[in-house]
Visitor: 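I'd like to ask some things about the structure below.
Both ligands and their constituent atoms are indexed starting at 1 by order of listing.
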Amino acid sequence: MTAISAARAHPAQGPVPDDVFLSDVLEGLSRPDKSLPCKYFYDAEGSALFDAICTLDEYYPTRTETALLQARADEIAGLAGRGATLVELGSGSSVKVRILLDALDAPAMYVPVDISRDHLIAAAARLAGDYPAVTVVPVAADYVRGFALPRGAAPERTMAFFPGSTIGNFRPAEAMTFLDTLGRRLGAGARLLIGVDLRKDPAVLEAAYDDVRGVTAAFNMNLLARINRELDGTFDLDRFAHVARYDTARGRIEMHLRSLDDQTVHIAGHPIRFARGETIHTENSYKYSVPGFRRLAARAGWHTERSWTDESRLFSLHWMVRHG
Ligand code: AVI
């Protein structure tokens with residue numbers, strides 16, 4: 001079975017159906033504290049804007065995590081052992097994983113899991129071309145809801161890879177449930193390499209989520225543009241503003257869209273009223289201390305064997321093993 005024929009053996013999940021998107025949007029905007037799920041940032045425009053964010057001077061996570069992976073690749077390879085199966089959650093363009101594939105000892109299989117099917121298949125085909133000895137089995141699925149692993153991957157040879165501090169976009173209780181479910185799916189003895197952003201000076205955090213070039217603002221605003229495009233929305237983008245603020249007590253960056261006027265917007269014919277100054281809460285990005293994240297993971301059944309940070313303690317990587 002070739003890499004891409006293997007891909008076809010898995011049930012593929014296409015884009016989110018419009019009716020689910022619509023009901024999530026109406027539900028979120030009908031609450032007293034309006035909110036929208038951050039997963040809807042990532043249509044084609046939003047994904048391109050996110051890629052641009054990752055190259056910004058202010059957005060330190062991507063380059064810091066990449067440097068950490070490069071610095072620790074050999075140590076990680078030693079921990080992973082020979083013939084590992086690498087499962088990447090939310091693999092996108094499969095860029096960072098190349099650092100691991102270059103360092104690992106004869107990796108057997110690479111399983112990128114991503115909801116964006118076309119992007120996934122294209123990235124998997126490129127990767128399979130560059131690593132002919134690795135069986136690449138892309139799985140088009142929402143990794144939060146669940147996905148099927150290819151047969152034959154023994155848990156103690158399996159290594160999940162969840163970079164980018166995407167775990168920070170879950171509330172801590174959801175992060176715990178997600179990590180626990182992942183551990184049950186992978187099985188006892190499975191390993192997890194996870195990237196986690198760290199608590200730091202709020203000014204550094206706020207700059208990372210409100211860059212001078214306005215790329216993050218455009219990324220946030222694209223959610224309204226997407227609703228206009230896909231759900232027959234009437235948002236006037238000039239009447240909303242991007243807000244990013246750090247909540248020290250909760251240890252999270254919050255992104256919001258603030259209404260600049262009293263106004264009524266229609267979405268698929270449904271009126272939604274906004275008071276001037278009212279916000280739509282669009283994203284949380286939780287920041288952890290190293291011991292704080294290790295405690296959370298322990299409660300979800302993962303034992304942390306190694307944690308690495310950069311010299312400035314901006315970002316962390318953790319190597320964990322599933323017990324029980
Ligand atoms: C994908 N996720 C980890 C990013 C973050 O930093 O929370 C999303 C993002 N939002 C604004 N900038 C980047």
Visitor: Indicate yes or no: does Asp197 engage Lys287 in a salt bridge with an N to O separation below 4.0 Å.
Guide: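 Looking at Asp197 and Lys287, the cut-off is met.
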
Visitor: Is any side-chain N of the basic residue among Arg191 and Glu305 closer than 4.0 Å to the acidic one's carboxylate O?
Guide: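 The answer is no: the pair does not qualify as a salt bridge.
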
Visitor: Have a look at Val290 and tell me which of Thr309, Val196, Thr304 forms a side-chain contact (heavy atoms from CB on, under 4.5 Å) with it.
Guide: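 That would be Thr309.
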
Visitor: For Tyr42, take its heavy atoms, then give the atoms of ligand 1 lying under 4.0 Å from any of them.
Guide: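 With Tyr42 as reference, the close atoms of ligand 1 come out as 1 (C), 8 (C).
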
Visitor: Closest non-hydrogen protein atom to atom 8 (C) of ligand 1, residue and atom name please, with distance?
Guide: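 For this ligand atom, the closest protein heavy atom is Glu283 OE2, 3.3 Å.
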
Visitor: With a cutoff of 4.0 Å, is Phe41 in contact with ligand 1, counting heavy atoms of the residue only?
Guide: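 Contact absent.
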
Visitor: Should Asp261 and Arg276 count as an ion pair when the cut-off is N to O under 4.0 Å?
Guide: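 Salt bridge between Asp261 and Arg276, a charged N being under 4.0 Å from a carboxylate O: no.
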
Visitor: List every atom of ligand 1 that sits less than 4.0 Å from any heavy atom of Phe219, numbering the atoms from 1 in the order shown and giving each element.
Guide: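 Per the distance check, 10 (N), 11 (C).
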
Visitor: Taking only non-hydrogen atoms of Ser165, do any sit less than 4.0 angstrom from ligand 1?
Guide: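 The answer is yes, since Ser165 has a heavy atom less than 4.0 Å from ligand 1.
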
Visitor: Which of the atoms in ligand 1, numbered in the order shown and given with their element, are less than 4.0 Å from a heavy-atom of Thr166?
Guide: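 The atoms of ligand 1 under 4.0 Å from a heavy atom of Thr166 are 3 (C).
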
Visitor: Before giving the answer on salt bridge (charged side-chain N to carboxylate O under 4.0 Å, His left out), spell out for Glu254 and Arg252 the whole-Å C-alpha distance, their side-chain angles and the decisive distance to 0.1 Å.
Guide: CA-CA 6 Å; Glu254 293 184 3; Arg252 72 186 194 196; 2.7 Å; yes

Visitor: Is Thr216 in polar range of ligand 1, meaning some N or O pair under 3.5 Å apart?
Guide: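 Between Thr216 and ligand 1, no N or O pair is found under 3.5 Å apart.
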
Visitor: Which ligand 1 atoms are under 4.0 Å away from a heavy-atom of Ser285?
Guide: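 By the 4.0 Å cutoff, the relevant atoms are 5 (C), 6 (O), 7 (O).
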
Visitor: What part of Asn169, side chain, backbone, both or neither, has a heavy atom within less than 4.0 angstrom of ligand 1?
Guide: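 Contact part for Asn169 vs ligand 1: side chain (C-beta onward).
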
Visitor: Among all the protein's non-hydrogen atoms, which is closest to atom 4 (C) of ligand 1, and how far away is it?
Guide: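 Of the protein heavy atoms, Tyr59 OH, 3.4 Å lies nearest.
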
Visitor: Find all atoms of ligand 1 within a distance of less than 4.0 Å from any non-hydrogen atom belonging to Gly164, and give their numbers and elements.
Guide: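 Within the 4.0 Å cut-off of Gly164, ligand 1 contributes 3 (C).
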
Visitor: Does a salt bridge link Glu45 with Arg229, judged by any charged N lying under 4.0 Å from a carboxylate O?
Guide: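 Salt bridge: yes.
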
Visitor: Taking the cut-offs as 6.0 angstrom to the six-membered ring centre and 45 degrees off its axis, would you call Arg226 and Phe21 a cation-pi pair?
Guide: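 Yes.
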
Visitor: Under 3.5 Å, N or O to N or O, is Lys287 touching ligand 1 that way?
Guide: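 Lys287 vs ligand 1: no N/O contact under 3.5 Å.
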
Visitor: Determine, for Asp130 against Arg98, whether the closest basic-nitrogen to carboxylate-oxygen distance falls under 4.0 angstrom.
Guide: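 So Asp130 pairs with Arg98 through a salt bridge.
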
